[in-house]
> 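One structure, as structure tokens, below. Some questions next.
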Amino acid sequence: MASAALRIFLISAMINNTLPTRIERPAMPQDDQTLDATAVPDAPSYVPPQALTLRINGAEHQLNIEPRVTLLDALREVTHLTGTKKGCDRGQCGACTVLVDGQRINSCLTLAVMHDGREITTVEGLAHEGEPHPMQQAFMDCDGFQCGYCTPGQLCSAVALLDEVKQHQASALTEGQQLEPGQLSDDEIRERMSGNLCRCGAYPNIVKAIRSVVLRQA
């Protein structure tokens, strides 16, 4: 039907001489107006290192590093605190989790210069006077790891989890309820630890370890 109507239109247009005889093309820019498609804004060829102070596990580290260096790389490559692991380097696995002013973050997604003067805690700083943190001891007692690669991030995240509950920070399961640590269900623990992946599948024992610390602190 559409093709028949088009033919009728064309025949009528030819009879009435209404078809355009020339197609006008837009004017091309003159040589002095021609745009160079390869032109890019001038970018600085060198960004000098920046001085900053990172307070890591209670000790001050005076660093002089490029602004593009992530906190994870600064910890591992500059201060040589290699307990924090580089997993996906995209903020998806949680192996690089550290605490900044008590809040857990993925250190691969933030720049070191953003944390000048702030208090950073890595897995090396959880123990106190040679004694393991209660969460570290619980992971050992409950076999909350296998290969151990994700364990530093799991530990930092689990320690932060308990503090978040004490501060009545909500999760996707609380629906506005203010939970006390003793009210944490296994599902609540799994939800709050969902940002930390364990490729060995030690999740049941990780939940068990966190549960044991919750019960001792309740």
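Just so you know, these numbers come straight off a predicted model, no measurement behind them.
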> Would a distance-only check, ignoring hydrogens and angles, find a side-chain to backbone donor-acceptor pair under 3.5 Å from Arg90 to Cys88?
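Checking the backbone N and O of Cys88 against the side chain of Arg90, a donor-acceptor pair under 3.5 Å is found.
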> Going from CG on Leu111 to CD on Glu66, what distance comes out if it is rounded to the nearest 0.5 angstrom?
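With rounding to 0.5 Å, CG (Leu111) is 11.5 Å from CD (Glu66).
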> To the closest 0.5 Å, what do you measure between CG (Leu63) and CG (Leu75)?
9.0 Å
> With a 3.5 Å cut-off and no angle check, do the side chains of Asp141 and Gln137 form a donor-acceptor pair?
yes
> Using modelled atom types and a 3.5 Å cut-off, is there a donor and acceptor pairing between side-chain atoms of Arg55 and backbone atoms of Gly117?
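Pair absent, no side-chain N/O of Arg55 close to backbone of Gly117.
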> Mind listing the closest non-hydrogen atom pair of Thr84 and Ser107 along with its distance?
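Between these two residues, the closest heavy atoms are CG2-OG, 3.8 Å.
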> Within the structure provided, determine whether Met193 and Ile210 are in side-chain contact (heavy-atom separation under 4.5 Å).
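Answer yes - side chains close enough.
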> Any salt bridge linking Lys86 with Asp73? Criterion: basic side-chain nitrogen under 4.0 Å from a carboxylate oxygen.
yes
> Spell out, as yes or no, whether a donor-acceptor pair under 3.5 Å connects the side chain of Ser157 to the backbone of Gln154.
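A pair under 3.5 Å: no.
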> Around Arg216, counting heavy atoms of other residues, nucleotides and ligands shown, do more than 12 lie under 6.0 Å from its CZ?
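Yes.
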> Would you mind reporting whether Met114 and Leu71 have side-chain heavy atoms less than 4.5 Å apart?
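No, every pair of side-chain atoms sits at 4.5 Å or beyond.
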> Under 4.5 Å between any side-chain heavy atoms of Leu162 and Gln217, yes or no?
yes
> Is a donor from one side chain sitting under 3.5 angstrom from an acceptor on the other, for Thr97 and Arg104?
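No, no side-chain donor-acceptor pair sits under 3.5 Å.
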> Is there side-chain contact between Glu77 and Val69, with at least one heavy-atom pair below 4.5 Å?
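No, every pair of side-chain atoms sits at 4.5 Å or beyond.
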> Looking at Asn106 and Gly94, would you say the former's side chain and the latter's main chain have a donor-acceptor pair under 3.5 Å?
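Not a single qualifying donor-acceptor pair exists.
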> Does a side-chain heavy-atom distance below 4.5 Å link Cys108 with Asp89?
yes
> Would you call Val165 and Val214 a side-chain contact if the rule is heavy atoms closer than 4.5 Å?
no
> Measure across Glu191 and Ser194 and return the closest heavy-atom pair with its distance rounded to 0.1 Å.
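Residues Glu191 and Ser194, closest heavy atoms: O-OG, 2.8 Å.
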> For the side chain of Asp116 and the backbone of Leu52, is there at least one donor-acceptor N/O pair under 3.5 Å apart?
no
> Is Leu184 close to Arg192 at the side-chain level, that is, under 4.5 Å between some pair of heavy atoms?
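Touching, per the 4.5 Å side-chain cut-off.
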> Is there a donor-acceptor pair closer than 3.5 Å between any side-chain N or O of Glu124 and the backbone N or O of Gly83?
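Side chain of Glu124 to backbone of Gly83: a pair is present.
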> Counting C-beta onward and ignoring hydrogens, is there a side-chain heavy-atom pair between Leu99 and Ile120 closer than 4.5 Å?
no
> What's the shortest heavy-atom distance between Phe145 and Phe139, and which atoms?
CE2-O, 3.6 Å
> Does any N or O in the side chain of Asn196 come within less than 3.5 Å of the main-chain N or O of Gly153, such that one atom is a donor and the other an acceptor?
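Side chain of Asn196 to backbone of Gly153, a donor-acceptor pair under 3.5 Å: yes, one is there.
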> So, for Thr121 and Val98, which heavy atoms are closest and what is the spacing to 0.1 Å?
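Looking at all heavy atoms of both residues, the shortest contact is O-CB, 3.6 Å.
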> Counting only heavy atoms not in Arg199, do more than 12 sit closer than 6.0 Å to its CZ atom?
no
> So, for Asn64 and Ala51, which heavy atoms are closest and what is the spacing to 0.1 Å?
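Here Asn64 and Ala51 meet closest at OD1-N, 3.4 Å.
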> Is Glu188 reaching over with its side chain to a backbone N or O of Ser185, donor-acceptor style, under 3.5 angstrom?
no
